[in-house]
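For reference, the structure discussed in these notes is given below.
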Amino acid sequence: MYSKFQDFLQTEIAGIKDAGLYKNERVIITPQSAEIKTAEAGDVLNFCANNYLGLADSKVLIDAAKKALDDRGYGMSSVRFICGTQDLHKELEKKISDFFGTEDTILYAACFDANGGVFEPLLNEEDAIISDSLNHASIIDGVRLCKAQRFRYANADMADLEKQLQDAQKCRFRLVVTDGVFSMDGNVAPLDKIYALAQKYDAMVMVDESHSAGVCGHTGRGTTEQYNLIGKVEILTGTLGKAFGGAVGGFTTGKREIIEMLRQRSRPYLFSNSIPPMIAAAGIAMFDLIDKTNTLQDKLHSNTSYFVEKMKAAGFDIKPTQSAICAVMLYDAKLSQDFASELQKEGIFVTGFYYPVVPKGQARIRVQVSAAHEIEHLDKCVEAFTKIGKKLGILK
Ligand SMILES: *Cc1c(COP(=O)(O)O)cnc(C)c1O
């Protein structure tokens with residue numbers, strides 16, 4: 001049997017390679033940071049991590065994790081409701097609720113699990129989920145696991161959302177779901193308008209804050225802070241794997257009864273292991289740190305505007321962004337790959353994206369700015385972009 005299946009897989013994999021879509025992993029041999037060393041390219045400046053607040057190698061988080069490793073052991077060997085809950089897990093849930101101004105929080109092993117386990121316990125075939133067309137894969141999968149009727153609106157298109165809300169009026173409950181920041185363009189969901197439409201058409205709102213938590217809003221509380229809606233949105237999901245330290249872990253936070261029901265019925269919570277004590281402890285230390293001072297959030301915001309302005313002044317075509325994601329538009333797929341590999345030779349680590357990750361003819365390099373970057377890092381990145389831009393005929 002396997003030899004037939006093996007032939008089939010080899011052909012499929014060859015097809016992926018022929019289409020130029022084969023993903024190779026580039027190997028980093030240092031901690032995740034602004035300055036890293038890779039096996040292939042040596043020392044490079046990193047502009048493609050989701051390490052927005054620069055906490056992935058933070059001594060404060062590492063020390064908290066080490067202490068918990070000594071005090072509370074390595075792993076829990078259990079799901080939460082059997083014997084997998086330590087005080088650390090409860091404390092981290094409380095910190096997350098306090099940070100986002102929500103009523104309660106439930107932890108997951110990842111935000112992929114939070115999104116995978118949020119819809120099915122809450123909604124059924126009488127209900128409607130109205131989802132942005134560019135929502136993350138984990139939201140799409142979570143919606144698939146749920147029997148609710150599905151409605152889709154074009155990315156951040158409020159006229160289309162309104163039409164879908166009208167079509168969904170016959171349903172019992174309606175939930176509008178959106179990413180806070182869309183990761184390929186860096187645009188922020190227009191949550192003020194989404195919330196107003198949800199009020200008008202009697203719907204609830206869920207925002208996935210994975211790329212917006214720690215980033216959007218003056219203190220990094222995400223899109224609900226940016227739009228002055230703290231405590232209003234029914235459901236927020238997020239990750240500890242991006243701005244919040246970059247290890248693993250996800251959460252759903254929001255209205256009390258929603259979280260209570262998820263603890264009873266959400267399958268990735270009930271049937272998957274608790275996060276390790278050291279991750280919970282580092283998470284607690286992380287919220288204490290970013291609550292105490294706004295230094296990292298301020299630095300991220302000033303770094304991002306500095307970088308975007310410099311790139312525009314250099315003549316690059318940058319998608320309008322309100323996050324730490326800066327899409328440098330090149331349009332042509334091959335050009336995006338050539339540009340990225342030339343940048344790597346200049347010591348700048350970025351990724352070029354093209355169809356099907358972004359629409360056809362919309363190839364780009366995505367630059368992710370971090371509080372870990374210093375001005376000289378940003379200058380070096382702009383210089384390298386300018387040099388390669390001239391070499392490849394993008395800039396005059
Ligand atoms: C990264 C991401 C996730 C997945 O988060 P993990 O904790 O890594 O599973 C989910 N949703 C969005 C919008 C993301 O960007």
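When a ligand or atom number is given, it counts from 1 through the structure's own listing order.
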Taking only heavy atoms of [X] into account, list the atoms of ligand 1 that are under 4.0 Å away from them.
| X | answer |
| --- | --- |
| H211 | 15 (O) |
| D179 | 13 (C) |
| D208 | 10 (C), 11 (N), 12 (C), 13 (C) |
| K242 | 1 (C), 2 (C), 3 (C), 14 (C), 15 (O) |
| T239 | 5 (O), 6 (P), 7 (O) |
| N115 | 10 (C), 11 (N) |
| S210 | 2 (C), 3 (C), 10 (C), 11 (N), 12 (C), 13 (C), 14 (C), 15 (O) |
| S138 | 10 (C), 11 (N) |

Considering distance alone, does some N or O of F112 sit under 3.5 Å from an N or O of ligand 1?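 Yes.
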Distance in Å, Y52 OH paired with T304 OG1, rounded so as to fall on 0.5 Å steps: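 If I round to the nearest 0.5 Å, the distance is 9.5 Å.
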Flag the pair [X] and [Y] as a salt bridge only when some basic side-chain nitrogen lies within less than 4.0 angstrom of an acidic carboxylate oxygen.
| X | Y | answer |
| --- | --- | --- |
| R80 | E93 | yes |
| K312 | D317 | no |
| E162 | K200 | yes |
| R267 | D113 | no |

Tell me whether ligand 1 is touched by G250 - counting only heavy atoms on the residue side and a distance under 4.0 Å.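 Under 4.0 Å: no for G250.
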Do the rings of F8 and F5 sit parallel, tilted or perpendicular, given the 30° and 60° boundaries?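 The arrangement is parallel - the two ring planes meet at less than 30°.
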Please report which non-hydrogen protein atom sits nearest to atom 5 (O) of ligand 1, along with the residue it belongs to and the distance in Å to one decimal place.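 I find the closest protein heavy atom is C111 CB, 3.3 Å.
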Could you identify the single nearest non-hydrogen protein atom to atom 3 (C) of ligand 1 and state the distance to 0.1 Å?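 Among all protein heavy atoms, the one nearest atom 3 (C) of ligand 1 is H136 CE1, 3.4 Å.
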Under 3.5 Å, is there a donor-acceptor pair between the T252 and Y269 side chains?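 Side chains of T252 and Y269: no pair found under 3.5 Å.
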Taking atom NZ as the centre, does K67 end up with more than 12 heavy-atom neighbours from other residues, nucleotides or ligands that are less than 6.0 angstrom away?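 At most 12 heavy atoms, drawn from other residues, nucleotides or ligands, come within 6.0 Å of this atom.
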